[in-house]
J.: 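Supplied in structure tokens, the structure appears directly below.
Residue numbers count from 1 along this sequence.
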Amino acid sequence: MSSRTLLKLSPLPSDSHSLPSPSLPGPLALASGSCSHGGCCRRGAAAAMVIASVTAESNERIRTLEYPVVDLSWKRGRAAELLVRACEEFGFVKVVNHGVPRSVIAKMEAEEARFFALPPCEKHKAGPPTPLGYGIRSIGFNGDMGELEYLLLHSNPSYISQKAKTICRKDPIHFSGVVNEYVKQVRQLACQLLDMVGEGLGLQDTRVLSRLLQDSENDSLVRLNHYPPWPGSDRAVGDADREPAGGKSRDKRSGGRIGFGEHSDPQILSILRSNDVDGLQILSAQAEDGGVWIPVPADPAAFYVIVGDALQAMTNGRLVSVRHRAMANSCRPRTSTVFFGAPSPGTRITPLPQMIKPQAPRRYKSFTWAEYKKAMYSLRLGHNRLDLFLADPDHHDKDSGITD
């Protein structure tokens with residue numbers, strides 16, 4: 001594996017209205033990941049601890065770096081501008097003051113904990129994953145493995161109500177009610193963010209993206225993940241193995257345990273939330289030779305937004321689908337819930353007309369979401385699927401925009 005270095009995010013030019021909060025370090029608020037305890041403890045509610053096979057390569061390097069934060073209580077125009085900036089440079093952003101009720105989150109957490117605490121024989125009644133359902137270690141159909149168990153569900157309320165009978169036999173109505181309300185709230189957040197992306201990009205129709213998630217036939221999913229504790233977590237990467245900020249790179253000599261391997265999300269937008277155990281890492285796209293892994297400290301009060309392949313294609317590569325992974329190095333279990341916002345299977349995905357310019361020629365062919373899913377399920381987890389849909393520079397496809 002080649003050596004990786006990272007170019008830090010440069011701030012936007014400031015003006016008299018650039019600082020939405022006096023505590024912000026610059027126009028684009030940046031959070032910094034740091035760790036000194038291997039991810040097994042926390043110094044307080046505000047502390048952010050980071051940890052750097054199913055094992056990571058021994059010559060990978062992890063660096064503590066800043067990543068973007070957007071506060072939805074800021075003025076909408078400025079927040080939209082910063083959201084787009086984050087999606088362009090990172091493909092990732094932490095969102096705070098998101099408006100999803102704490103009670104909805106708490107009920108979802110309780111149902112998640114209740115399911116994963118069931119005996120294995122009971123959990124397996126909700127599987128096997130085809131791809132929906134309960135799975136353990138095996139990811140997809142092509143041999144990918146991870147140190148986790150998960151429950152993947154379609155977001156359709158009728159599907160959840162039916163599936164609940166195999167997931168929570170004691171009270172399936174309660175389970176489906178909790179999950180459906182959570183999905184409803186997080187979908188609303190995803191639509192709000194996509195509308196802000198449309199505004200930040202200057203699209204004539206700012207709701208062109210969010211309407212895809214509001215379609216009654218949308219193919220959005222929700223996945224509940226449980227990463228069990230690692231008895232060897234005392235061997236997890238620590239400060240001695242991490243590349244110091246501003247200093248010379250050091251290789252991480254002690255490998256880590258991978259919960260969910262390196263990949264990009266195929267959908268439009270993913271909305272992730274976890275408990276207070278670290279594990280998420282994003283791969284910087286801003287490197288001369290491949291980037292470094294940036295650990296993202298857990299924050300149960302926030303949501304993490306991940307740009308998917310479909311959004312990268314629709315914005316003609318302006319917004320980047322970030323590669324990421326989940327580590328399972330902690331001595332405590334980590335749980336996360338991810339909403340994957342996707343269009344209907346028949347939706348044709350193609351670069352938006354306003355994203356194609358003489359200086360930014362068309363990068364991707366048109367394809368349906370069903371065609372992209374078929375390609376996804378035929379490939380390994382870490383494959384760069386969008387490479388299969390690159391446009392022929394000599395072929396001028398007149399089809400532009402999004403159609404059903």
J.: Is there a donor-acceptor pair closer than 3.5 Å between any side-chain N or O of R323 and the backbone N or O of G382?
T.: yes

J.: Going by atom types only, do E181 and Q185 share a side-chain donor-acceptor pair under 3.5 Å?
T.: yes

J.: Identify, with sequence neighbours excluded, every residue that meets salt bridge (Lys or Arg N to Asp or Glu O under 4.0 Å) alongside D219.
T.: K373

J.: What are the two closest heavy atoms between D195 and S210, and how far apart are they?
T.: OD1-OG, 2.6 Å

J.: Please answer whether the main-chain N or O of G308 pairs with a side-chain N or O of D265 as donor and acceptor at a distance below 3.5 Å.
T.: no

J.: Quick one: sort the H324 and H263 rings into parallel, tilted or perpendicular, breaks at 30° and 60°.
T.: tilted

J.: Looking only at heavy atoms, which two atoms of G317 and Y364 are closest? And how far apart?
T.: N-CE1, 3.9 Å

J.: Side chains of L280 and S274, heavy atoms from C-beta outward: is any pair under 4.5 Å?
T.: no

J.: Would you sort out whether M314 and M355 count as a side chain to side chain contact (heavy atoms under 4.5 Å, CB included), showing the intermediate values?
T.: CA-CA 8 Å; M314 286 184 283; M355 296 292 100; over 6 Å; no

J.: Is the shortest heavy-atom distance from the side chain of P333 to the side chain of P229 under 4.5 Å?
T.: yes

J.: Which pair of non-hydrogen atoms, one from P131 and one from P129, has the smallest distance, and what is that distance?
T.: O-CB, 3.2 Å

J.: List the steps, then state whether side chain to side chain contact (heavy atoms under 4.5 Å, CB included) holds for E147 with R137.
T.: CA-CA 5 Å; E147 290 296 333; R137 295 193 178 90; 3.9 Å; yes

J.: Hey, is the main chain of S264 close enough, under 3.5 Å, to the side chain of R385 for a donor-acceptor pair?
T.: yes

J.: Would you indicate whether the side-chain heavy atoms of I294 and F90 approach each other to under 4.5 Å?
T.: yes

J.: Taking only residues two or more places apart in sequence, or in another chain, which ones meet H98 in a ring pair (Phe, Tyr, Trp, His ring centres under 6.0 Å)?
T.: F303

J.: Locate the shortest heavy-atom distance separating P361 from P358; write the atom from each residue and the value.
T.: CD-O, 3.8 Å

J.: Between atom CD of E149 and atom CG of L224, what is the distance when rounded to the nearest 0.5 Å?
T.: 10.5 Å

J.: Go through V84 and L82 one step at a time and tell me if the side chain to side chain contact (heavy atoms under 4.5 Å, CB included) criterion holds.
T.: CA-CA 5 Å; V84 167; L82 301 182; over 6 Å; no

J.: Do F340 and P266 have side chains that get closer than 4.5 Å, going by heavy atoms?
T.: no

J.: For a side chain to side chain contact (heavy atoms under 4.5 Å, CB included) check, start with the C-alpha distance between V197 and L269, then their side-chain angles and the critical distance, and finish with the verdict.
T.: CA-CA 11 Å; V197 166; L269 202 69; over 6 Å; no

J.: Could you grab the distance from atom CG of L151 to atom CD of E111, nearest 0.5 Å is fine?
T.: 11.5 Å

J.: Tell me, yes or no, whether the heavy-atom count around L390 atom CG, taken from other residues, nucleotides or ligands under 6.0 Å, exceeds 12.
T.: yes

J.: Which value, rounded to the nearest 0.5 Å, describes the distance between L221 atom CG and Q267 atom CD?
T.: 6.0 Å

J.: Is the backbone of L212 close enough, under 3.5 Å, to the side chain of N218 for a donor and an acceptor to pair up by distance?
T.: no

J.: Flag the pair E371 and K374 as a salt bridge only when some basic side-chain nitrogen lies within less than 4.0 angstrom of an acidic carboxylate oxygen.
T.: no

J.: Would a 4.5 Å heavy-atom cut-off, applied to side chains only, mark Y227 and F260 as touching?
T.: yes

J.: Taking F115 as the fixed residue, which of F175, Y150, Y134 is the one that meets the ring-ring contact (aromatic ring centres under 6.0 Å, His included) rule?
T.: Y134

J.: Taking all non-hydrogen atoms of both residues into account, name the closest pair between R187 and S155 and its distance.
T.: NH2-OG, 3.3 Å

J.: Would you call E88 and R85 a salt bridge, taking side-chain N to carboxylate O under 4.0 Å as the test?
T.: no

J.: For residues Y377 and N142, report the shortest heavy-atom separation together with the two atoms involved.
T.: O-ND2, 3.0 Å

J.: K163 side chain to A126 main-chain N or O, any donor-acceptor pair under 3.5 Å?
T.: yes

J.: Distance-only, no hydrogens or angles: does the E217 side chain make a donor-acceptor pair with backbone N or O of S344 under 3.5 Å?
T.: no

J.: Just wondering, do K94 and V296 contact through their side chains at under 4.5 Å, heavy atoms?
T.: no

J.: If you define the side chain from C-beta out and look only at heavy atoms, does anything of K107 sit under 4.5 Å from Y182?
T.: no

J.: Between atom CD1 of I271 and atom OH of Y304, what is the distance when rounded to the nearest 0.5 Å?
T.: 13.0 Å

J.: Judged by atom type as modelled, is there a donor-acceptor pair below 3.5 Å linking the side chain of K123 to the main-chain atoms of F116?
T.: yes

J.: Are V322 and I306 side-chain neighbours, meaning at least one heavy-atom pair lies under 4.5 Å?
T.: yes

J.: Are the side chain of T206 and the backbone N or O of L203 linked by a donor-acceptor pair below 3.5 Å?
T.: no

J.: With rounding to the nearest 0.5 angstrom, report the CG to NE2 distance, L148 to H226.
T.: 9.5 Å

J.: Between R334 and V277, is there a donor-acceptor pair closer than 3.5 Å when you use the side chain of the first and the backbone of the second?
T.: yes

J.: Mind checking the SG-CG spacing from C87 to L201? Nearest 0.5 Å is all I need.
T.: 8.5 Å

J.: Strictly distance-based, threshold 3.5 Å: is any side-chain N or O of N316 a donor or acceptor partner for the main-chain N or O of R363?
T.: yes

J.: Could you work out, with salt bridge (Lys or Arg N to Asp or Glu O under 4.0 Å) as the rule, every residue matching R273, not counting sequence neighbours?
T.: E109

